[in-house]
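Have a look at the structure below, then the notes.
Each chain gets a letter, A, B and so on, in the order the sequences are listed, and its residues count up from 1.
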Amino acid sequence: MGDVASLILKRLALGVVTLFVISILIFGAVEMLPGDIAQAVLGQSATPENLAALREQMGLDQPAIVRYFHWLTGAISGDFGNSLVTGERVSSTIGPRLLNTLFLASYAAAIAVPLAIILGILVALARNSVFDRVANILALTAISSPEFFLGYVLILYLSVKTGLFPAISSLQGDMSFGDLLYRTFLPALTMVLVVMAHMMRMTRAAIINLLASPYIEMARLKGVPSWKVIVFHALPNALAPIINVVALNLAYLITGVVLVEVVFVYPGVGQLLVDAVSKRDFPIVQACCLIFAATFILLNLAADVGSILTNPRLRHPK
Amino acid sequence: MTDTKEKKKDVLLKVRDLRIEGYSDEKWIEIVHGVNLTLHRGEVLGLIGESGAGKSTIGLAAMGFARDGCRISGGTVEFDGMELTTTPKSDLRALRGLRIAYVAQSAAASFNPAHKIINQHTEAPVQYRIQKRLQAQEDAMELYEKLRLPNPTEIGFRYPHQVSGGQLQRAMTAMAMACRPDLIIFDEPTTALDVTTQIEVLAAIRDIVDEYNTAAIYITHDLAVVAQMADRIKVLLKGEEVETADTDTMLSSPQEDYTKSLWAVRSFQRPQRSRPKGDVVPVISVQHVDASYTSGEKVLDDVSFDIYEGMTVAVVGESGSGKSTTARCITGLLPPSAGKILFRGEELPADYHNRTKDQLRQAQMIYQMADTALNPKVKISEIIGRPAQFYGKLRGAALKSRVDELLDLIELEPAKFYNRYPPELSGGQKQRIGIARALAAEPSFIICDEVTSALDQLVAEGILKLLDRLQKELNLAYMFITHDLATVRSIADEVVVMRRGKIVEQGPKDEMFTPPHHPYTDLLLSSVPEMDSNWLTTLLEERGVDNVGEAANAK
C-alpha cells in the first residue's frame, strides 16, 4: 500500500502544479480583456482624477506581475479579494453559492451515477436487443439536446402543463430538506439527463469489451449465469474506465451547470459567474474559474486513485 | 490403462457427424466437416492437430458450446443420453461446470484477475448447491494438496497474479474438478509452460483424472505430450478426422501419410559446424554483461559468450532466465550496467542511440510473434523496403528490384506478395516476411527470438530450413533464443544454457547433448517429453513425484 500512498502524493503534487499554471492562464486571460475596470465601475461621467484614484485604490496602477502574485498569495490563504461591484468579500459572496451548486450537483449525481451504471449493466446484458437500442437512443437524444432546451421541455411538461414541480428553484433559508429536494428536482433531473448517456454507454462498452476475454469464457463454461458473468466477472475489471467517465461527469455537474442555473433561476456559482462576467467583476470571475479548475483536478485525481485501487495487481503486490 | 476394456462398457459421449460453421467475410463457412467421436467413462482421448484443425472448436462443442462467431450446424452430440445440440440453453448451462468442465490453455488469462483463486473455485459448487461455501473451500484445499500445490491451505487465498503459471494451471485443473464432473476438456493445458513445469502439471492431471475416473478430452499439438496422457489418439486436419487409434498403435504404426509427416518433423537436423581454426575474431562477443531493468534486481549476471561467423548459437533456458534480456543488451535497447559487447573485436556503444547506422545495420532481429511484429496497415513491399531504403539508401527501381530479390530469397513469389498486407498472410508467410525484413539491412548477425514457437511443427520446420539455407548462402551468424530443445538439436552449433540471469553451461552442441551434464542442463534435457507412452511414468519413478518441476528447479 506504500506504493499507492506515494502515488497519490505524486499526483497531488502534480495537481498543485497544474492549478498554478491554470491560475496564470486565468489571470492572463482576464488581464487581456478589453476595457477599463475603473471606467466600468464609475461609469461614463467619471473624471480622470476619480479614475486615477480608483485605480490606485484597486492597485491597478501596479504592474500585472505584482498584482498576480498579490492575488495568488491572497488566494492561497483563501482571500480572493473584494467584489468590484458590491465591495463584499469574494469568499463570502461565493461561499453560499458554492454550497448551493454542490448540493444540486450531489443531488443529480446521487440519481445519475447509480442509474447510469445499472442501466449500463442491463444494456450490456441485453446487448443488441430492442431494450439496448431504445435505451441508447434515449440517452443519446438527451445528451445531444442543449441543457436549456431540455430544461424548458421539462418545465413545459412537468411544471406548466401538469404543475407537478415548481418551474423556478428559489431557495429560502428555512426550507426543510424534503422541500429542498422537491424544489430543485427539475434542475437536478435536467442534469441527470445530460450526464447519464456518457456513463451508461461507457459502462456498456467497458463490459462488452471484456466479454471476449478467456476468463469470461471460463466463467461461462463453469455454468455461471449470464447476469453473474457480467456483474461478478466483467464489471470488477471494467471499473477503471467507468470511474474515469464518472469523475469527468461529476466535474461537469459542478462546472457545467451555468445554463441550467440560469434557466431555473437557481442561486448557484454558475449564475454568479455569468453575472460577474457581464458586470466585469473580475475578482469573482477569477475565483470561480479557479474553483472550477480545482474541482476538475481533484475529481480526476480521485478517478486515477480509484482506478488504481480497482487493480488487484497494485492492491496486492506479489 | 490396464482396465480399459472394463470401462468400455459405458459410453459417456457420442459425437456423430459433427459440423461446425464459422462466420467470416459475412458468410458462414464450414470449419468442422463431420467428425465422429466416442468416449467411454474414465477414458482419455487425445485430439491432435495443427492450428486450424478445429481441435478446440470440437472440444467446446462437446460441452454444447460454440464461441461467438461459430455455430454447430449439423450432427449430434450425445452426452450421457442427453442430446446437447437440441437442449435448451438453461439446461446446457446447468451441465457446465457440474458434469462437464473445461481447462483452458492459458490459466493466467483464464482466471479472473479481480478475484481470489479459491473464490473462483467455489463458484460452481456453491451455485449448484453441492457444497456450502466453507465446505467447498475445504474441498478445494484438499484438491490443491492432491495436485501437489505448495501451501494448499493458503495458496487459494491469493490473487491469480501472485501465483506462478504452472501452479495456476494446476489450480485450474482443481477448479474443473470442483464438482467432480464426468468429463473434462483439457485445451492445451501445458502449451504455455516451460518443460520442467510441464511435467508436474502433466503428472498432476494424470493422477487426478485417474483417481476420480474422470473421462477427458485432451487437446494438444504436441504428440509427445498426448502420448503420456491419452488412451486413444485422434488426429485431425482442417476439421476432418485423419485417423484414430490406441496410443501405442498410433505411435508405433501410424497409417496415414499426414500422421507420418507429423511424426517425422523432429527428424530435421543439419550438420554441426565448429568454430573456425586459428586467430579469428568472433562476430559478436558478449563479455561479462550485467543488466537490470529500472532500479530492479540484476536480471543478467556476468553473461559471456561468443558467436562466430556462419554459426548458430542457441541460447536456451526457461522463461525469466534472461535470454531475451541478453538480446536487448546486444541490440542496445537495454544498456548493460556492466561489461561490454564487441562486434568483430570493436566495442559497440551500450545505447543504440549512440551507434552508427552501420553498427545498427549489423545486428537485426526476428521476433516470436510475426503477427504483432509486422504493422498490419503497411504493404509487404514497404515493410521489406524500409530497411533497404534506410540502410542501403536505395530508391525507385533499385529498391524494387532489391525487394523482389529479398522475396525470392525467402521463397515467396514477388509478383504475388509485393502489394499485399500482413493480415492476408499465413503465420509461416508472416514469419518469412519478418526474416526478409531482417535480411534487408544486410546484417552479419541475426537474433532469432523464439521464431518458431508460435508456429505449427510442419511450418516451423520450413522456417528452420530456410534459416539454415540463408545462413549458408550469406554466411550469417545466428543467436537463436528458444526454450524448445528439439529446435536446438536440429539447428544449433553451440549451446548456451541460461538460468536466472546466469550462464549455467555452454559448449558445442554434441558435447552439451552427451553426458555428463550440468545438473540443470540434465533437468532441462530429461524434461522434454519423448514419443513413448511410458516416458512420464518412468521419469516420475526415477525422480519421484515430489522432485519434478518447480521443486526440482529450486535445487
Side-chain angles (χ1 to χ4, degrees), chain A residues 1-4 6-7 10 117 121 124-129 132 203-243 306-318, chain B residues 56 59-60 62-69 89-117 119-128 130 157-164 168 172 175-176 178-179 181 184-185 187 192:
Chain A
M1 290 308 276
D3 286 355
V4 176
S6 73
L7 217 134
K10 223 188 267 173
I117 291 178
I121 293 172
L125 201 56
R127 57 193 173 283
N128 303 330
S129 67
D132 179 23
T203 307
R204 177 185 186 273
I207 288 176
I208 289 179
N209 203 12
L210 290 177
L211 291 184
S213 325
Y215 59 82
I216 297 292
E217 183 177 281
M218 191 69 217
R220 287 198 179 128
L221 291 172
K222 273 197 298 191
V224 178
S226 43
W227 67 269
K228 244 180 147 178
V229 168
I230 299 244
V231 176
F232 289 111
H233 288 274
L235 188 61
N237 294 294
L239 281 178
I242 297 175
I243 287 175
S307 30
I308 288 166
L309 290 182
T310 61
N311 185 342
R313 280 166 204 275
L314 289 162
R315 259 186 304 141
H316 306 274
K318 280 196 180 183
Chain B
S56 298
L60 289 170
M63 307 178 76
F65 184 88
R67 288 198 167 122
D68 285 343
K89 269 198 175 158
S90 55
D91 293 356
L92 265 184
R93 213 201 63 225
L95 275 183
R96 294 180 192 142
L98 181 64
R99 300 202 56 204
I100 313 177
Y102 179 77
V103 175
Q105 173 169 3
S106 163
S110 296
F111 268 111
N112 192 325
H115 299 294
K116 287 178 183 158
I117 292 168
N119 292 346
Q120 303 189 46
H121 181 110
T122 57
E123 201 173 3
V126 170
Q127 180 189 310
Y128 291 119
I130 296 174
F157 295 94
R158 296 195 215 161
Y159 284 86
H161 70 271
Q162 296 169 311
V163 175
S164 78
L168 267 186
M172 176 161 286
M175 184 160 87
C179 298
I184 301 184
I185 317 287
D187 194 351

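Between A:Pro312 and B:Tyr159, the shortest heavy-atom distance links the atoms CB-CD2, 3.9 Å. Heavy atoms only, all atoms of each residue included: B:Arg96 and A:Leu221 are closest at CB-O, 3.2 Å.
A distance of 4.0 Å separates NZ in A:Lys222 from CE in B:Met175, rounded to the nearest 0.5 Å.
With a threshold of 4.5 angstrom between heavy atoms, B:Ala94 does not approach chain A through any atom at all. For a residue to count as touching a neighbouring chain, one of its non-hydrogen atoms must lie under 4.5 Å from one of that chain's; by this rule B:Arg67 touches chain A with the side chain only. Of the two parts of B:Leu60, only the side chain, counted from C-beta on, holds a non-hydrogen atom closer than 4.5 Å to a non-hydrogen atom of chain A. Residue B:Phe111 touches chain A through its backbone alone, counting heavy-atom pairs closer than 4.5 Å.
Within the 4.5 Å cutoff, the side chain of A:Met218 has heavy atoms near those of the B:Met172 side chain. Looking at heavy atoms from C-beta onward, B:Gln120 lies out of side-chain contact with A:Tyr215 at the 4.5 angstrom threshold.
Note: B:Ser110 leads B:Gly97, B:Ser90, B:Ala101, B:Ser110 in heavy-atom pairs under 4.5 Å with chain A. With chain A as partner, the option from B:Ala114, B:Pro113, B:Ala178 having the largest number of non-hydrogen pairs under 4.5 angstrom is B:Pro113.
The stretch residues 224-235 of chain A places A:Val224, A:Pro225, A:Lys228, A:Phe232, A:His233 near chain B, each with some heavy atom under 4.5 Å from a heavy atom of that chain.
Residues forming a side-chain contact (heavy atoms from CB on, under 4.5 Å) with A:Asn209 (at least two apart in sequence, or on another chain): none.
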